[in-house]
Structure formats: structure tokens, C-alpha cells
Amino acid sequence: MMAMFRSFVSAAQLRQQQQQQQQGQQSGAVGGDSLESQFSCPICLEVYHKPVSIASCAHTFCGDCLQPCLQVTSPLCPLCRMPFDPKKVDKSSSVEKQLSSYKAPCRGCSKKVTLVKMRSHISSCTKVQEQMANCPKFMPVVPTSQPIPSNIPNRSTFVCPYCGARNLDQQELVKHCMENHRNDPNKVVCPVCSAMPWGDPSYKSSNFLQHLLHRHKFSYDTFVDYSIDEEAALQAALALSLSEN
């Protein structure tokens, strides 16, 4: 029954996407902005680059944007959260053809640019660069005289334990290691775990890639309060669980 329901939902989503693409074809000459947004990746919000589509739900993403989802055991579509088979993700030739066919005005200079070339044009468009330079800078609502702590560990970017590549966020670390160190037999210390308050900087994982894929499917920043110790975190989780039940 559930399989029939998912099939029905997927078919409906595919029809909706096809209708939107047909509307884009009809309005492409006059509605450039909506055309560009229609062919934008839901993850990076830029025009598709090497688009791929998930067969089960027909959602399309940039190939690089979807790559981290393909590294986990049971991937979910980033848009609809439906489970999918990573072996059934294919290059979207139809979308690539449309990207090469349609034009939209640049958000800076208004020059009509083929969608497939929009990214490279925007990166070199002086008008877009001026707009970005003129964006309001963030300022705190209330200035503070408190000193900025300098002893807080960096838990946002990490160093590859194999080759020393720096400034990798958690997803980039997974992608980098899968692409460059898949067959490396060396035991290494997990840089994510060692940055945590409870981490052991001397513990070496015997299978670091499997550890990355299974242990670090989410960002700790979303769920962890670093200001409390492990016992306090456990007690807080138990209290929250009891209050919800």
C-alpha cells in the first residue's frame, strides 16, 4: 500500500515538474527571472550545473550538490525527504538541453545569457560584483565591550587526517575522503570527534570512511550544547524526552 502511495506521489510530482517546465518554455522570452529560478538547484539556489535527477521522485539537483546524500546508507531526497536508490540517479539530459536553449537576463547588467552560461557570466559581471559589494554589512544591534574568546575550538572546518587538506566543512570532508582516500588503509584520528569536548584526540579509527558515513550524518551544532558536559547533556535529553511523552 505504501509503495503504491509513493508511486502515486512521484508520478504527481513528475507531472507538476513537466507542467512547470512547459510554462517556462512559453514565458522564457518575457519572464527571464522566473525562468532562471525555475532552473535553479534547490540546494545551492544557483542555475543547475551538471544536473542529475532522482528517478523515484523526479527532483533535480546539481550533481555536486547531491553528492553528499549519495554517501549515506539510506539516502533521502533533500527536497521531499523520500528515500531513494542512489543507483537510480541519472544525468538529466532534458534539463541540460533546456539550459542550453533558454536565455534569461543577468541580475546585474540585464544582458540576456544562456542559462548554461549564467554561472560563469555572473562570476565575471561587474554589475553583480558591485551589488554584492554594496550589500549591507552585518552589525550587532547592541555593541559589546566583551572580549571575543580566543580559546574556543574550531568545530566548523576540519583538516583531512590523510593528506592535511584544510578548511573542509563536514560534508566537504566526507566528499574529499571518498574521492581521494577511499582505499587508504591507514588508521587515523577523526578530526570531527577530536574537536568535540568529549573527543579523544589520540583515538585512531580502524575504518575512518565508514565512521564518517555512519557517525557524522548530521552537524553536531544543530543538536549539541557545547557548554555542558556529557552527563548534563544526557540528563537534559532524558528530561526533554519525558516532557514530550
> Between atom NE2 of His176 and atom SG of Cys163, what is the distance when rounded to the nearest 0.5 Å?
Replying inline: 3.0 Å
> Looking only at heavy atoms, which two atoms of Phe61 and Leu66 are closest? And how far apart?
Replying inline: CD1-CD1, 4.0 Å
> Which distance, rounded to the nearest 0.5 Å, do you find between the NE2 of His121 and the NZ of Lys111?
Replying inline: 6.0 Å
>> Please tell me whether Val52 and Leu45 are part of a single hydrophobic cluster in this structure, the criterion being side-chain heavy atoms less than 4.5 Å apart.
In response: no
> Below 4.5 Å, heavy atoms only, C-beta onward: do Leu168 and Cys160 meet side chain to side chain?
Replying inline: yes
> Would you say Val188 and Met196 are hydrophobically clustered, going by side-chain heavy atoms of ILVMFWY under 4.5 Å?
Replying inline: yes
> Heavy-atom distance under 4.5 Å between the side chains of Val116 and Ser100, does that happen here?
Replying inline: yes
>> What I'd like to find out is whether the side chain of Ser53 reaches to under 4.5 Å of the side chain of Thr60, using heavy atoms alone.
In response: yes
>> Let's go through Glu36 and Val47 carefully: what are the C-alpha distance in whole Å and the side-chain angles of both, what is the deciding distance for side-chain contact (heavy atoms from CB on, under 4.5 Å) to 0.1 Å, and is it a yes or a no?
In response: CA-CA 7 Å; Glu36 182 180 348; Val47 174; 3.6 Å; yes
> Can you tell me how far the NE2 atom of His59 sits from the OG atom of Ser92, to the nearest 0.5 Å?
Replying inline: 12.5 Å
Which donor-acceptor pairs under 3.5 Å do side chains of residues 200-209 form with protein atoms, sequence neighbours excluded?
{"from": "Asp200", "atom 1": "OD1", "to": "Ser202", "atom 2": "N", "distance (Å)": "3.0"}
{"from": "Asp200", "atom 1": "OD1", "to": "Ser202", "atom 2": "OG", "distance (Å)": "2.7"}
{"from": "Ser205", "atom 1": "OG", "to": "Asn207", "atom 2": "N", "distance (Å)": "3.4"}
{"from": "Ser205", "atom 1": "OG", "to": "Asn207", "atom 2": "O", "distance (Å)": "3.4"}
{"from": "Asn207", "atom 1": "OD1", "to": "Gln210", "atom 2": "N", "distance (Å)": "3.3"}

> Within the side chain of Gln129, is there an N or O that forms a donor-acceptor pair under 3.5 Å with the backbone of Ile122?
Replying inline: yes
> Quick one: do Arg119 and Glu46 make a salt bridge, cutoff under 4.0 Å?
Replying inline: no
>> Same cluster or not: Ile43 versus Leu70, using hydrophobic residues (I, L, V, M, F, W, Y) connected whenever any side-chain heavy atoms lie under 4.5 Å apart?
In response: yes
>> Could you tell me if the side chain of Asn180 sits less than 4.5 Å from the side chain of Tyr162, heavy atoms only?
In response: no
> In Å and rounded to the nearest 0.5 Å, what is the CZ to CG distance from Phe158 to Asp169?
Replying inline: 8.5 Å
Show which side-chain atoms of residues 75-90 pair as donor or acceptor with protein atoms under 3.5 Å away, not counting sequence neighbours.
{"from": "Asp85", "atom 1": "OD1", "to": "Lys87", "atom 2": "N", "distance (Å)": "2.9"}

>> Can you confirm whether His211 sits close enough to Cys193 that some side-chain heavy atom of one is under 4.5 Å from a side-chain heavy atom of the other?
In response: yes
> Can you find a pair of side-chain heavy atoms, one from Met178 and one from Leu213, that are under 4.5 Å apart?
Replying inline: yes
> Under a 4.5 Å cut-off applied to non-hydrogen side-chain atoms, are Cys106 and Val128 in contact?
Replying inline: yes
> Are any of the side-chain heavy atoms of Lys175 and Glu172 separated by less than 4.5 Å?
Replying inline: no
